[in-house]
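Fair warning: this is a prediction, and the values are worked out from it, not measured in the lab. Basis for what follows: all heavy atoms, side chains included, without hydrogens, waters or symmetry-related copies.
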Amino acid sequence: MTALARLSDALQRIRRIDEAIEWQRKAAERYEADGNYRRAAKSWRKIEALRQQAPAQG
C-alpha cells in the first residue's frame, strides 16, 4: 500500500468517526431535551469511546 493510499484510508476513517460523533451528540441532546438522561448518558459514553478510537491530532 502506498503512502497516499494509507493517508486516504486514515482520512476516511477520521471522517467516519467524526460523523459518528456528531450523530451521537445530536442524539444525546435530543434525549436530554426529552428528559431521557439515562439514554443521553449512553450516547455521551459512545462519544468518548469514539474519541479514543480517533488517531491523535497533532
Side-chain angles (χ1 to χ4, degrees):
M1 184 179 280
T2 67
L4 185 57
R6 284 192 304 271
L7 179 60
S8 177
D9 288 348
L11 288 173
Q12 186 177 23
R13 181 171 184 246
I14 290 169
R15 272 191 223 105
R16 282 193 311 263
I17 291 171
D18 284 346
E19 289 170 3
I21 288 171
E22 183 63 19
W23 190 90
Q24 286 295 329
R25 186 188 61 76
K26 288 178 182 178
E29 290 173 351
R30 280 194 312 271
Y31 291 134
E32 287 175 348
D34 292 342
N36 192 346
Y37 299 109
R38 182 176 292 184
R39 190 67 180 98
K42 189 174 182 181
S43 286
W44 290 118
R45 286 191 300 271
K46 285 182 182 180
I47 290 170
E48 284 305 313
L50 287 165
R51 286 183 178 153
Q52 295 295 322
Q53 290 179 17
Q57 307 247 341

Undergrad: Which distance, rounded to the nearest 0.5 Å, do you find between the CG of Asp9 and the CD1 of Ile14?
TA: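 Output value for this atom pair is 11.0 Å.
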Undergrad: Please output the side-chain donor-acceptor pairs of residues 42-50 that fall under 3.5 Å, not counting sequence neighbours, one pair per line with the distance.
TA:
{"residue": "Ser43", "atom": "OG", "partner": "Gln24", "partner atom": "OE1", "Å": "3.1"}
{"residue": "Trp44", "atom": "NE1", "partner": "Glu32", "partner atom": "OE2", "Å": "2.9"}
{"residue": "Glu48", "atom": "OE2", "partner": "Arg51", "partner atom": "NH1", "Å": "3.2"}

Undergrad: Ion pair present between Lys26 and Glu29, side-chain N to carboxylate O less than 4.0 angstrom?
TA: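 No, this pair does not count.
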